[in-house]
Amino acid sequence: MRVYVHYEGEMEFTMAFTCEDNSKSTVKQLATNFREALKPRCSPELSEKDCHALVLCSENGAALPEADLVSACASDGEDLFARSHVDRLTAPNDVQSKKLRSAASTPSSSGACSKSAPSQSAGTDLAALEPYLEAAEEAYKNRSYARAKAIHTELLTVSPRLVQSLRRLGEIELSAGRPEAAVPFLRRAIATEPRHLATRLTLANALCAADEWADAISELEDALRLTADGSKAYKRVNVELGRALFKSGQQSKGGAILMAALKQDMEDPLTLRAYGEACIALGQTSDAMQIYLRLMVKQSSNKEICALLAKTFKLPGAIESLRSQLPFKAESASALAFIATTIKDHSAIDEAIELYKAVVALVPTSASYALNLVHTLEIPLRYAEALAAVRAFCEANAARQVGGVACGAVAALLPSDADIAAACRAHNAAARALSTAAASTTAAASATASAAAAEPPAAPPPLPEGAGGSVDDLAGVLPAGTYDDEALDLLALHYAAVKMLFVVGCLDAAAELVRLVEPARRVKDLHLTRVRNENAYYCCVAMLLRSLPLPLPTLPLLYVAGDSHSLSPGWRTVPFQGQPHLLKPVLVTGLKAWHLREESDFFPKANFKYAMGTIPDGARVVFAFGEIDCRERLLVAVERARYKDLQEGIDVVVGIYVSCLVQLARSRKFSIMVHPVPPVLKETRAIVKLFNATLKQRVLKEPILTYLDFFDKLLTADGEDLEPELSLDGTHMSPAYVDLLAAAFPSQ
């Protein structure tokens, strides 16, 4: 094997060392040999004393243990670096500027730091900065990028050429989606360490992300000239160069480089990925499929590889290509299911459905596979098909049971495909007819009165006492862990059926299924299991049904599009501009407003687009999103240094959300009303208040939108808590809040 050892500074030196794979040469021996070769080149910049202090480091700056064999800690063609100071990259602890400046300005007793570390400003004692660098690295490893950024920024005020901080700040800016801000830091780092390969590659990536293709290609060409031909590093830079050329429009030149690299090494992941990207761009389905299936075996958790696999499945003939490379047999079911889930996450929805249908056919006894098929069918709102999949599984496994609830009994309660389709048509047809009548107030009132007179008196369905509520204090509750994974998946399948029946408006059937399934829920801590999401939806729906008068009246519809918070007002009757309307829920599971940005490919965005397609042009629509952003995303994004503070994060997310609504109002002629984020959770209420204040201000600037201004009425007089009577389950609001919603509707 051959490794390349580099010394980087104003004086640069590289030497190649060759040893057998079974050689007993240690890192210490290799370092000694390199020092001896370097000594004749010593200068005022590098004294013999400093030369003797050099240690060997990997490309990321980690020191190699001297006792280790070279063959154990380096691979063929790898680049190693001789440094007097291990280049640690760190993240933030509380930086006390005074103390830091004082320590940094204290001259080193030996003066060695200024000689051996050209990355430092003259007079800076590198040892004094070390604790701060270590703190920064710890924060960076924990993904507390804002903290790391604060420390490194402060370090640069006392040592402007501190290459560790320059490099890390560039990486943080790039990870936060600000490539233009990353470039200056990385250029300054390269000016200090011109031969540092990782920095040049990061700079090239930043330039590519900023669409500065010519500069990116120039940086990669420079890196290639500075790298030993044949080394592992040379191969890497060459592939990145080919990739950049191809993406910049020089497909012939870039493709030739990638093809040559692939012929040289058919197993290198970087080469395979870059060549696969070219195949996708050229529509070469079979080659791209072969490459990304191979990469998924070793890098199944790599999000970029997963996204590229999903892109491959959107090419013509993708399923046929997969069949030619992976037989659709029972023993392949788990692999096919994994692929289906992976591509679903990146919005290859139709293809994921096709794969899951194949998997369910191969293993018809698996509740897990059936559940995943159902959830994937929910994304394009193919509820009738999803409920048919539940019925088919339950009929095929009629004797299976969970908590005493047999699949056969569940199947018997599920409406037929025709009944489900009829329910959906009935709501929409009634809405259209009554909306047309609404052109005349007299006609509207007459139509509504006639419809009401023809309907039987409404009353909530009979359900078990406390349906959907806590089971912890009930007699006979089974301990946590009673159900194994397969039993939990079976229970989740029943839960999903209840949720879908509610969403489509088959409410009598939903109530019957709750009566059947409720006893199976008497197990502690189901909210902590793998089916916690299905459990939460089921409990919410069961609690809502307890107070929902049935049968539903025949009324014009107001649509409520939202995450799970769209369920609370669902199917309630409200006055709107002089006549009663029915609130129809349009559920978009798990959507954050952040997902609506243009570059997102996460499946909730696809769910949103499908959901919008089910709402007729010109409809009145209440939009209720943003709660998940407040609960899950915003503080994390600030910690990851995407935003300088919470308010900036809210501004960005609200801007994405409102821009999407304006576009829908213009293109679909929707009459859009914007619902404030519900302040249900105490832990996020302060964030929700800031979010709603920003949302209101932004919506009021758009004449085409209407803000429903009732947020303050949801809170207690001191503004600290949700009004107690408005709480449903600790996560959602009670339908009692609908009166406040209705009072906020525009009068005309």
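Here the structure is a predicted model, which is why all the values come from computation and not from measurement.
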Any residue meeting side chain to side chain donor-acceptor pair (under 3.5 Å) with [X], in chain and number order, not counting sequence neighbours:
{"X": "S600", "value": "none"}
{"X": "Q264", "value": "none"}
{"X": "K232", "value": "S75"}
{"X": "E683", "value": "none"}

Verdict with reasoning, V55 to C57, per side-chain contact (heavy atoms from CB on, under 4.5 Å): CA-CA 6 Å; V55 294; C57 306; 4.1 Å; yes
Side chains of D651 and Q647 only: does a donor on one sit below 3.5 Å from an acceptor on the other?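 Checked: D651/Q647 side chains pair up, N/O donor to acceptor below 3.5 Å.
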For residues R2 and T18, is any side-chain donor paired with an opposing acceptor at under 3.5 Å?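 Looking only at side-chain atoms, T18 and R2 do form a donor-acceptor pair, the distance falling under 3.5 Å.
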Heavy-atom pair with the smallest gap, counting every atom of [X] and [Y]:
{"X": "L169", "Y": "F185", "answer": "CD1-CE2, 3.7 Å"}
{"X": "I687", "Y": "C630", "answer": "CD1-O, 3.8 Å"}
{"X": "K235", "Y": "G230", "answer": "CE-O, 4.0 Å"}
{"X": "R597", "Y": "K605", "answer": "O-NZ, 2.9 Å"}
{"X": "P269", "Y": "Q299", "answer": "CB-NE2, 3.2 Å"}
{"X": "I280", "Y": "Y292", "answer": "CD1-CE1, 3.7 Å"}

What do you reckon, is CD of E632 surrounded by more than 12 foreign heavy atoms closer than 6.0 Å? yes
Give a yes or no on this: more than 12 heavy atoms of other residues, nucleotides or ligands lie within 6.0 Å of atom CD of Q697. no
Hey, is [X] close enough to [Y] for a salt bridge, meaning N to O under 4.0 Å?
{"X": "R685", "Y": "E720", "answer": "no"}
{"X": "E221", "Y": "R225", "answer": "no"}
{"X": "E240", "Y": "R236", "answer": "no"}

dist K682:NZ -> L722:CG (nearest 0.5 Å) comes out at 12.5 Å
Working to the nearest 0.5 angstrom, can you tell me the gap between T26 OG1 and L56 CG?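 Spacing of OG1 (T26) from CG (L56) equals 10.0 Å.
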Quick one: does [X]'s side chain have a donor or acceptor within less than 3.5 Å of a partner on [Y]'s backbone?
{"X": "K247", "Y": "G254", "answer": "no"}
{"X": "S347", "Y": "D601", "answer": "yes"}
{"X": "D265", "Y": "A261", "answer": "no"}
{"X": "E173", "Y": "G170", "answer": "no"}
{"X": "R200", "Y": "L220", "answer": "no"}
{"X": "N692", "Y": "V677", "answer": "yes"}

Review item, side-chain donor-acceptor pairs of residues 633-641, under 3.5 Å, at least two apart:
| from | atom 1 | to | atom 2 | distance (Å) |
| --- | --- | --- | --- | --- |
| R633 | NH2 | Y643 | OH | 2.5 |
| E639 | OE2 | S144 | OG | 3.0 |
| R640 | NE | R143 | O | 3.4 |

Decide side-chain hydrogen bond (donor to acceptor under 3.5 Å, both in side chains) for R642 and S175; before the verdict, give the C-alpha distance in whole Å, the side-chain angles of both, and the deciding distance to 0.1 Å. CA-CA 8 Å; R642 183 169 283 275; S175 70; over 6 Å; no
Which class fits the ring pair H196 and F81: parallel under 30°, tilted 30 to 60°, perpendicular over 60°?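 Parallel, since the angle between the ring planes stays under 30°.
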Could you tell me whether F608 and F625 have their ring centroids closer than 6.0 angstrom? yes
Considering residues at least two apart in sequence or located in another chain, which fulfil the ring-ring contact (aromatic ring centres under 6.0 Å, His included) criterion with Y275?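 Y275: no ring-ring contact (aromatic ring centres under 6.0 Å, His included) contacts found.
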